[in-house]
**Student:** 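Below you will find the structure I want to go over with you.
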Amino acid sequence: MQALILEQQEGKTVASVQTIDPDRLPEGEVTVDIDWSSLNYKDALAITGKGKIIRNFPMVPGIDFAGHVHASEDPRFHPGQQVLLTGWGVGENHWGGLASQARVKGDWLVPMPEGLESRKAMIIGTAGFTAMLCVMALEEAGIRPDAGEVVVTGASGGVGSTAVTLLHQLGYQVVAVSGRESTHDYLRSLGASRILGRDEFAESRPLEKQLWAGAIDTVGDKVLAKVLAQMNYGGCVAACGLAGGFALPTTVMPFILRNVRLQGVDSVMTPAARRAEAWRRLANDLPESFFTHSATEIGLSEAPAYADKIINNQFQGRALVKIA
Ligand code: NDP
């Protein structure tokens, strides 16, 4: 089997495509023949070594994949069945999806939802799944489409672009925040009604003019601080990312004077029932046009170059990795 292998050489992470014996796959009840994987921000951090994602080398990266069951000791899965996986530490501390096969726990797999197949599932990937969890968090906080504008930061990225699409599709007025002029046409085509520059979010006071009913933040740091200061009374921010940094230079003012809710969103350990619900929603709520808009297909050997592009903010949408 073929795999992208990450190794450490003189303290640096080195990535190469290698042919390896499937017997080297880690333990697990289900072996999957992978059709498609994708590159997420976390994969880019792992492959470039820019983030301390991986502690044990050699490692096969790839935090998500879709394919069909090759062999299973878990009665819930049978050979040939289409499945997908995101999270659970796969591609971080258990060999992941940037390979022709993976062996994983049955508990980690999601049967392919009706209306999706491997390629579409990986256009969505961890990024799209996380966007859906963020939208669900806003819904659960009572933010309805008529409540006012919803702002999405890091809008041209994988999470951001899917969040813009989903919110627009569900009838919300979506305002996109992007650091790049070149993404504006793309964001409008996904459904953003207005686009603001990231530089407008550089500095903030503890409280500012109330602008947003809801927010999905993939950036963190000063951008998230500004968004919090601009939330409407009773608004909710679903925060899932740190593309701009992990700091949060804010005050308690939005929380204690405007009843603002800051809802964290994690996709890695999401329980199975919520996972299934999010995937069902994704299959239903994403328009067909989403799948033609946002995917760039690459091969396994191109993954390191695209990881660099992601880290250097030179890529938009989703990088889809063709395995089979
Ligand atoms: P992408 O790289 O696809 O997108 C990130 C976007 O953030 C970029 O497209 C860019 O958007 C913006 N951005 C990039 N660099 C900076 C910067 N220095 N300052 C401010 N904005 C920046 O990543 P994903 O969409 O896959 O992931 C987004 C974030 O969400 C990441 O931090 C990732 O780790 C996190 N994440 C968290 C998950 C969870 O479970 N909590 C799951 C998945 C992702 P633009 O050019 O439009 O400004």
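Numbers here are sequence positions counted from 1. Computed from a prediction, not measured in an experiment: that's the story for all the values here. Counting convention: from 1, in listed order, for ligands and their atoms alike.
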**Student:** Would you call the rings of His94 and Trp108 parallel, tilted or perpendicular if under 30° counts as parallel and over 60° as perpendicular?
**Tutor:**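 Aromatic pair His94/Trp108 classed perpendicular.
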
**Student:** Of the non-hydrogen atoms in Thr31 and Arg103, which two are nearest, and what is the gap between them?
**Tutor:**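 Answer, listing the atom of Thr31 first, then Arg103: OG1-NE, 3.0 Å.
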
**Student:** Got the closest protein heavy atom to atom 25 (O) of ligand 1, with its distance?
**Tutor:**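 Atom 25 (O) of ligand 1 sits closest to the protein heavy atom Val159 N, 2.8 Å.
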
**Student:** What atoms of ligand 1 come within less than 4.0 Å of a heavy atom belonging to Ser178?
**Tutor:**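 Taking each heavy atom of Ser178 in turn, ligand 1 has 45 (P), 46 (O), 47 (O), 48 (O) under 4.0 Å.
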
**Student:** Could you see which bit of Leu242 sits under 4.0 Å from ligand 1, with heavy atoms only: side chain, backbone, both or neither?
**Tutor:**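 Both of them.
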
**Student:** Relative to ligand 1, is Arg318 under 4.0 angstrom through side chain, backbone, both or neither, heavy atoms considered?
**Tutor:**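 Neither; no heavy atom under 4.0 Å.
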
**Student:** Does anything in residues 231-251 form a side chain to side chain donor-acceptor pair (under 3.5 Å)? List the pairs, not counting sequence neighbours.
**Tutor:**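 Those involving residues 231-251 do not exist here.
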
**Student:** Counting heavy atoms only, which part of Asn313 comes closer than 4.0 Å to ligand 1: side chain, backbone, both or neither?
**Tutor:**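 Just the side chain.
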
**Student:** Run the numbers for me: atoms of ligand 1, each under 4.0 Å from some heavy atom of Asp266, listed by number.
**Tutor:**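 Counting from 1, the qualifying ligand atoms are 40 (O), 41 (N).
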
**Student:** Out of Ala243, Gly244, Gly157, Gly87, indicate the one that has the non-hydrogen atom closest to atom 15 (N) of ligand 1.
**Tutor:**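 When every heavy atom of Ala243, Gly244, Gly157, Gly87 is considered, Ala243 comes closest to atom 15 (N) of ligand 1.
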
**Student:** When you look for heavy atoms under 4.0 Å from ligand 1, do you find them on the side chain of Ala155, its backbone, both, or neither?
**Tutor:**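 Backbone only.
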
**Student:** Can you list everything that forms a side-chain contact (heavy atoms from CB on, under 4.5 Å) with Ser204? Sequence neighbours excluded, please.
**Tutor:**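 side-chain contact (heavy atoms from CB on, under 4.5 Å) check on Ser204 returns Glu208, Ala225, Lys226.
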
**Student:** Does NZ or CZ of Lys309 come closer than 6.0 Å to the centre of the six-membered ring of Phe315, within 45° of the ring's axis?
**Tutor:**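 The answer is no; the distance or angle limit is not met.
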
**Student:** Below a 4.0 angstrom heavy-atom separation, can you tell me which part of Val265, side chain or backbone, both or neither, approaches ligand 1?
**Tutor:**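 Contact part for Val265 vs ligand 1: backbone (N, CA, C, O).
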
